Amino acid sequence: MSQSQQLLVVKDLATTFDTPLGPLPAVGGVSFDLNQNETLGIVGESGSGKTVLSRTIMGLQQRRNVTVTGSVLLNGFEVVGASEEEKRKIWGLEVAMIFQDPMTSLNPVMRIGKQIDEILRVRLGMDRKAAKARAIELLELVGIPSPQDRYSVFPGELSGGMRQRVVIATALAGSPKLLMADEPTTGLDVTIQAQILNLLEEIKARMEMSVILVTHDLGVVATRTSRVIVMYAGRIVEMGTTRDVFSHHRMPYTRALLEGSPKVSNPSHTRLKAIPGRPPNLLNLAQGCSFAPRCSFATDRCRQERPELESTGTPGHSFACWNPLPTTRGASA
């Protein structure tokens, strides 16, 4: 893929929080790229660094007690090291984010139409009349029924699914080139989840955006993404095309995530297979592979030396493991 088609290039990105107990490396040395009109999935357990990574890419981390190193090149703009004033020029226009909880993303005492109006007037310089007309168009775009009437309601008057649609409309107000969706279906029932994911897919195609879908649910990214990044303890442990990661994964952690996902083919009431142990304490990371204490394939080398990403031989597919799964075993899993 040529450089001109790369919308986002992340190199050696690291985010470290200064805590009373010492430095906490939430993201450590992450590198990847995102092409135009592509959907990338970032998966992993809670605490794996997915949300911190997405916020760092947008430049939302506070400068106080946070150290960010590396490079985030977004459509030619270097996010790392940019001032708040410089980053405000890209927020909403080049990149926007759908946050996890729509109820905390929306102002509960402000009508939803006014919240969208505010973005259009401040970021795009629209007058009041034009902003209202555009806000109603956006509400209609995301599937809000009777958008003229819903324009004047408060967030608490809407269901969870409708609130999430409003959050999506707010993120789309500036027609961003990159949309970050951080757990966009959290707290929604399965039917509404499917509706929201279908909506994101339709809007992506219509607006020719790139999307980064952050989730802990591998079922969400299975049919919605072209590539997948698997994170553990703030680092990438496997990445590749969605087909390669699901069918030919080499990292035991990837297989553990897949085995812990419910499958339609399983009999009713089948118990899910949990990953043994607990995620590592980022304040006291082990010297070797962070997944070694929970991995049945771990050896002394795994506990003493941290593996780096290496290619599987398939273009774009890489993993970080000293004892990778055989490809046939990965396919069967």
Side-chain angles (χ1 to χ4, degrees), residues 7-8 36-39 54-55 57-60 74-77 79 84-185 188 192 195-213:
L7 177 66
L8 176 70
Q36 295 176 5
N37 304 328
E38 182 184 20
T39 301
S54 61
R55 288 173 176 265
I57 290 172
M58 277 197 69
L60 294 178
L74 174 60
N75 202 24
F77 175 81
V79 177
E84 294 297 311
E85 183 178 356
E86 291 172 331
K87 287 186 289 189
R88 287 193 188 98
K89 295 178 180 178
I90 67 167
W91 288 339
L93 301 178
E94 295 288 338
V95 59
M97 179 177 284
I98 303 170
F99 294 95
Q100 291 188 27
D101 185 1
M103 202 58 196
T104 57
S105 302
L106 297 171
N107 188 334
V109 297
M110 188 176 181
R111 300 182 190 276
I112 62 171
K114 296 298 182 182
Q115 298 188 50
I116 302 176
D117 284 359
E118 186 177 52
I119 297 173
L120 295 169
R121 297 181 66 186
V122 173
R123 305 300 295 140
L124 301 180
M126 291 185 176
D127 59 34
R128 188 183 301 273
K129 184 177 181 180
K132 180 177 180 179
R134 178 56 178 162
I136 293 174
E137 288 179 6
L138 288 167
L139 291 176
E140 184 176 10
L141 175 67
V142 298
I144 299 288
S146 304
Q148 292 88 350
D149 298 331
R150 300 296 171 86
Y151 174 89
S152 300
V153 304
F154 292 98
E157 299 179 66
L158 299 175
S159 66
M162 289 294 107
R163 286 196 294 267
Q164 191 64 290
R165 291 172 185 266
V166 173
V167 171
I168 294 173
T170 304
L172 297 176
S175 300
K177 296 180 177 64
L178 172 59
L179 182 64
M180 312 279 291
D182 185 7
E183 301 279 8
T185 58
L188 303 178
I192 302 301
Q195 293 177 2
I196 295 298
L197 293 171
N198 289 338
L199 174 64
L200 287 175
E201 196 168 344
E202 293 170 6
I203 292 174
K204 171 189 175 293
R206 185 180 304 184
M207 300 183 67
E208 297 184 345
M209 294 186 307
S210 297
V211 176
I212 293 181
L213 184 58

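As the structure is a computational prediction, the values presented were derived from the model and not from experiment.
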statement: Between the CG atom in Asp117 and the CD atom in Gln115, the distance rounded to the nearest 0.5 Å is 10.0 Å

message: Looking at Asn37, is its backbone amide N or carbonyl O close enough to the side chain of Ser210 to form a donor-acceptor pair, meaning the two atoms are under 3.5 Å apart?
response: yes

statement: When every non-hydrogen atom of Lys87 is compared with those of Gly59, the smallest separation belongs to NZ-O, 2.9 Å

task: Give, for atom CE of Met97 and atom CD1 of Ile57, the distance between the pair rounded to the nearest 0.5 Å.
output: 8.0 Å

- line: One should read off an interatomic distance between Arg206 CZ and Glu201 CD, to the nearest 0.5 angstrom, of 13.0 Å

- request: Can you see which heavy atom on Ala173 is nearest to which on Leu120, and at what distance?
  value: O-CD2, 3.6 Å

message: Could you measure the distance from the CZ atom of Arg165 to the CG atom of Leu141? Nearest 0.5 Å is fine.
response: 10.5 Å

Whether over 12 other heavy atoms sit under 6.0 Å from Glu84 CD: yes

task: Determine whether Leu178 and Met209 make a side-chain contact, defined as any pair of heavy atoms from C-beta on separated by less than 4.5 Å.
output: no

task: Sequence neighbours left out, what passes side-chain contact (heavy atoms from CB on, under 4.5 Å) with Asp149? Give chain and number order.
output: Ser146

message: If you apply the rule side chain to side chain contact (heavy atoms under 4.5 Å, CB included), what do you find for Arg111 with Tyr151, and how did you get there?
response: CA-CA 7 Å; Arg111 300 182 190 276; Tyr151 174 89; over 6 Å; no

- prompt: Any side-chain heavy atom of Arg55 sitting closer than 4.5 Å to one from Phe99?
  reply: yes

- prompt: In chain order, what residues pass the side-chain hydrogen bond (donor to acceptor under 3.5 Å, both in side chains) check against Arg121, with sequence neighbours excluded?
  reply: none

query: Is the backbone N or O of Glu140 less than 3.5 Å from a side-chain atom of Arg150, with the two atoms forming a donor-acceptor pair by type?
result: no

Minimum heavy-atom distance between Ala135 and Ile116, given as atom pair plus value: CB-CG2, 3.8 Å

message: Quick one about Asn75 and Glu94 (side-chain donor to acceptor, distance below 3.5 Å, no hydrogens or angles considered), yes or no?
response: yes

query: What is the minimum heavy-atom distance between Leu124 and Gly174, and which atoms define it?
result: CD1-CA, 4.5 Å

query: Taking the side chain as C-beta and beyond, is there a heavy-atom pair between Leu138 and Ile144 under 4.5 Å?
result: no

- request: Using the side chain to side chain contact (heavy atoms under 4.5 Å, CB included) rule, take Leu93 and Arg123 through it: C-alpha gap first, then chi angles, then the decisive distance, then the call.
  value: CA-CA 8 Å; Leu93 301 178; Arg123 305 300 295 140; 3.9 Å; yes

query: Do you know the tightest heavy-atom contact between Ile112 and Phe154?
result: CG2-C, 4.3 Å

message: Is the shortest side-chain heavy-atom distance between Met162 and Pro145 below 4.5 Å?
response: yes

query: Side chains of Pro176 and Val95: closer than 4.5 Å at any heavy-atom pair?
result: no

Distance-minimising heavy-atom pair for Leu213 and Pro184: CD1-CG, 3.6 Å

- prompt: Under a 4.5 Å cut-off applied to non-hydrogen side-chain atoms, are Val142 and Val166 in contact?
  reply: no

- request: Using the salt bridge (charged side-chain N to carboxylate O under 4.0 Å, His left out) rule, take Lys89 and Glu86 through it: C-alpha gap first, then chi angles, then the decisive distance, then the call.
  value: CA-CA 6 Å; Lys89 295 178 180 178; Glu86 291 172 331; over 6 Å; no

query: In chain order, what residues pass the side-chain hydrogen bond (donor to acceptor under 3.5 Å, both in side chains) check against Glu202, with sequence neighbours excluded?
result: none

task: Find out whether Ile212 and Leu179 are in side-chain contact, i.e. whether some heavy atom of one side chain is under 4.5 Å from a heavy atom of the other.
output: no

task: Output yes when a side-chain donor or acceptor of Trp91 lies under 3.5 Å from a complementary backbone atom of Leu60, and no otherwise.
output: no

query: Roughly how far, to the nearest 0.5 Å, is the CD1 atom of Ile98 from the CG atom of Leu172?
result: 6.5 Å

From CD (Glu118) to OG1 (Thr170), nearest 0.5 Å: 10.0 Å

